[in-house]
Amino acid sequence: MPETPLTSPRVRFAPSPTGYLHVGGARTALFNWLFARHWGGTLILRIEDTDFERSSEAMVAGILEGMQWLGMDWDEGPFFQSQRLPLYRATADKLLAAGAAYPCFCTKEELEARRAEATAAGRPPMYDRRCRALAPAAAAARQAAGEAAAIRFAVPEGGATSFDDAVFGTVSFNNAELEDFVLLRSDGIPTYHLSVVADDVDMRLTHIIRGADHLSNTPKQVLQYQALGAPLPVFAHVPLILGPDKTRLSKRHGATSVISYKDLGIVPEAFRNFLALLGWTPGTDAAAGADGKTREVFLSDELIRLFSLAGISKSNSVFDNDKLAWFNTEYIRAYSPEQLLPLVQAEWAAAGFLPTLAPDSILATIALLQTRARSLKDFAGVFRAYFSDAFEFEPAAVAKFLKDPATPLLLVALGERLQAEPAFTEASTEATLRALAEERGIKAGILINGARVALTGQGVAPSLFAVMVALGRERTVDRLLAAPSIPVAMS
RNA sequence: GGCGCCAUGGUGUAACUGGUUAACACGUCGCCCUCUCAAGGCGAAGAGUACGGGUUCGAUCCCCGUUGGCGCUACCA
């Protein structure tokens with residue numbers, strides 16, 4: 001279904017640097033990014049660091065690293081709210097002047113005590129609005145005398161506040177449920193409620209795409225837009241991501257930092273694809289393949305082309321590691337060896353591994369292995385023997401296929417023959433091996449399995465003869481001749 | 001507790017404005033292929049749409065209630 005085209009929408013990702021870039025935040029960023037890129041709009045990165053207690057520069061760096069890893073760029077920013085304090089002060093003054101806000105002299109301690117009292121008495125623990133009743137002159141005098149005051153928003157006494165959410169439809173709240181929330185703390189630092197509106201207005205944002213945890217905060221913001229006389233943006237609240245136990249995804253569920261998926265050997269685009277499909281669907285029309293089946297792997301710019309707010313679902317979704325693993329294998333296979341190479345090299349660097357294979361052989365070897373890799377980590381782990389002579393033998397594989405002392409000697413014989421052969425192709429090596437097996441009256445499998453271990457250190461590998469060709473004659477022969485010295489664990 | 005939101009197989013989703021044997025993907029299981037393991041091919045199990053009432057000739061879809069989950073309820077964001 002064609003949508004109304006949008007002209008230059010402006011959206012933002014506004015993380016709070018009180019932690020790393022987590023999965024939920026990354027998906028919010030992704031939706032904003034996809035939306036901006038789809039419509040040729042502008043993505044603004046804004047760091048909401050007005051909670052000085054919990055914010056840190058290290059976390060800012062972590063968030064930027066996560067964005068970069070996922071390949072999400074932004075057009076403006078990063079802006080830091082901590083550096084925009086005058087704007088919030090000015091916005092509060094506007095609200096004050098409009099009679100939509102008032103100074104409050106209640107201290108934190110008093111408020112806590114009253115809240116406790118109200119809760120104990122079974123009353124809702126909302127602010128009792130006592131400072132709202134203060135005469136403006138009296139309030140001004142107290143402030144002039146140096147008494148610290150917070151600024152609170154004066155929520156209308158009756159009526160309801162509603163807005164149309166692009167995901168949830170019309171959402172309405174009775175104003176009686178909203179308390180006179182604090183805009184500016186008594187130390188002059190804005191709360192989230194004020195800074196978010198001040199910035200969203202100032203940055204001329206047209207769409208607010210954010211987590212559904214903000215749905216209940218939205219009326220407080222709508223009220224401010226109205227008091228400010230500012231046009232309302234389109235809100236689009238995105239349902240949350242849950243862990244396998246269906247509670248909100250958190251550290252208890254293991255990896256929740258986006259960067260930890262890099263460390264797991266996940267291809268960034270695969271992660272992006274996986275994340276995009278968590279709570280969003282391109283719709284059957286757009287995604288249907290020729291066979292009528294719904295495709296889910298959307299390479300390169302396809303996600304951008306397909307993305308639409310209309311496809312965002314309303315219910316929370318569960319993070320499924322199995323599906324992520326599947327996307328990862330799909331991407332590792334879909335990439336060309338050339339595309340994979342830098343990712344593989346990064347793994348080698350991280351592992352301190354130096355390949356000694358010739359560069360053109362490296363690409364061919366990646367091509368040989370990419371259909372069986374589960375993770376980029378494999379290239380610096382179980383696949384080491386393909387790229388360097390510095391590898392280990394897996395004890396279980398040795399014990400299974402080389403325990404018979406006769407086998408290594410057969411492998412030496414095989415090595416000698418291969419050395420003498422004029423050709424060294426998959427067909428020729430196979431013919432040589434099978435001929436040898438027949439002469440010695442043994443099953444070819446003995447040689448094949450034994451050679452696999454001698455050549456790769458593993459009991460599992462691609463077709464043996466393809467492995468031989470990938471390694472080249474020299475390494476193949478060397479490793480076969482060295483078979484008798486492979487340590488067999490005694491057990 | 002109050003308010004808000006949500007509810008389709010184990011998981012992610014589909015099912016045009018009510019009419020389908022409730023579809024696809026991941027996962028699971030089986031078979032084939034085979035020098036191992038993946039991949040690949042083929043096939044299977046798995047939900048009658050949280051539950052209960054309506055409305056309707058007919059509800060996954062509309063209405064009400066219940067239950068459950070999640071969110072908000074701070075001078076956090």
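Below, chain A is the first sequence line, B the second, and so on; all start at residue 1.
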Any donor-acceptor pair under 3.5 Å between the side chain of [X] and the base of [N]?
X        : N      : answer
A:Ser317 : B:rG12 : no
A:Arg248 : B:rC70 : no
A:Lys323 : B:rA25 : yes
A:Thr191 : B:rC75 : no
A:Asn217 : B:rA77 : yes

Taking NZ, NE, NH1 and NH2 as the nitrogens, is one of them in [X] or [Y] under 4.0 Å from a carboxylate oxygen of the other?
X        : Y        : result
A:Arg417 : A:Glu421 : no
A:Glu302 : A:Arg305 : yes
A:Arg84  : A:Glu48  : no
A:Lys323 : A:Glu330 : no
A:Glu392 : A:Arg384 : no
A:Glu110 : A:Arg114 : yes
A:Asp93  : A:Arg89  : yes

Sugar-phosphate, base or nothing in reach of [X], heavy atoms under 4.0 Å:
X        : value
A:Cys104 : nothing
A:His237 : nothing
A:Phe181 : nothing
A:Gln458 : nothing
A:Arg333 : sugar-phosphate
A:Ala444 : nothing
A:Thr107 : base
A:Pro190 : sugar-phosphate
A:Leu464 : base
A:Ser195 : nothing
A:Leu111 : base
A:Thr329 : nothing
A:Pro462 : base
A:Thr247 : sugar-phosphate

For the [atom1] atoms, the ones on [N] and on [M], what distance do you get once it is rounded to whole angstrom?
N      : M      : atom1 : value
B:rU13 : B:rG52 : P     : 25 Å
B:rC63 : B:rU11 : P     : 26 Å
B:rU60 : B:rU73 : P     : 38 Å
B:rC62 : B:rA47 : C1'   : 22 Å
B:rC42 : B:rU20 : C1'   : 26 Å
B:rU8  : B:rC24 : C1'   : 13 Å

Could you write out RNA chain B as dot-bracket? Rules: Watson-Crick or G-U wobble, both distances under 3.5 Å, brackets [ ] for crossings, | for pairs with another strand, dot for unpaired. (((((((..((((.....[...)))).(((((.......))))).....(((((..]....))))))))))))....

Closest nucleotide among B:rC76, B:rC70, B:rG12 to the A:Val318 side chain: B:rG12

Would you indicate which nucleotide in B:rA25, B:rC76, B:rU13 comes nearest to any side-chain atom of A:Ser313? B:rU13

I want to check one thing: is the phosphate of [N], taken as OP1 and OP2, less than 4.0 Å away from some side-chain N or O of [X]?
X        : N      : result
A:Ser463 : B:rU34 : no
A:Arg452 : B:rC37 : no
A:Arg374 : B:rC37 : no
A:Arg115 : B:rC75 : yes
A:Arg185 : B:rA77 : yes
A:Arg54  : B:rA77 : no

Please tell me whether A:Phe298 and A:Phe274 form a close aromatic pair, meaning their ring centres lie under 6.0 Å apart. no

Separation of [N] [atom2] from [X] [atom1] (nearest whole Å):
X        : N      : atom1 : atom2 : answer
A:Leu275 : B:rU11 : CG    : C1'   : 15 Å
A:Asp322 : B:rG27 : CG    : C1'   : 6 Å
A:Gln370 : B:rG40 : CD    : C1'   : 15 Å
A:Leu368 : B:rA39 : CG    : P     : 16 Å
A:Glu296 : B:rU11 : CD    : C1'   : 11 Å
A:Glu177 : B:rU73 : CD    : P     : 14 Å
A:Lys246 : B:rU8  : NZ    : C1'   : 11 Å
A:Phe52  : B:rC75 : CZ    : P     : 17 Å

By nearest heavy atom, map A:Leu242 and A:Ala373 onto RNA chain B; which one lands nearer the 5' end? A:Ala373

Comparing A:Glu48 with A:Pro124, nearest RNA chain B nucleotide closer to 5' gives the residue A:Pro124

Does NZ or CZ of A:Arg142 lie under 6.0 Å from the centre of the six-membered ring of A:Phe105, at an angle within 45° of the ring axis? yes

When you measure from the centre of the six-membered ring of A:Phe181, is the NZ or CZ of A:Arg152 closer than 6.0 Å and no more than 45° off the axis? no

Syn versus anti for B:rG52, judged by chi lying within 90° of 0? anti

Listed pairs under 3.5 Å, donor-acceptor, residues 454-468 of chain A side chains, sequence neighbours left out:
unit_1: A:Thr456; atom_1: OG1; unit_2: A:Arg452; atom_2: O; d: 2.7
unit_1: A:Thr456; atom_1: OG1; unit_2: A:Gln458; atom_2: N; d: 3.0
unit_1: A:Thr456; atom_1: OG1; unit_2: A:Gln458; atom_2: O; d: 3.2

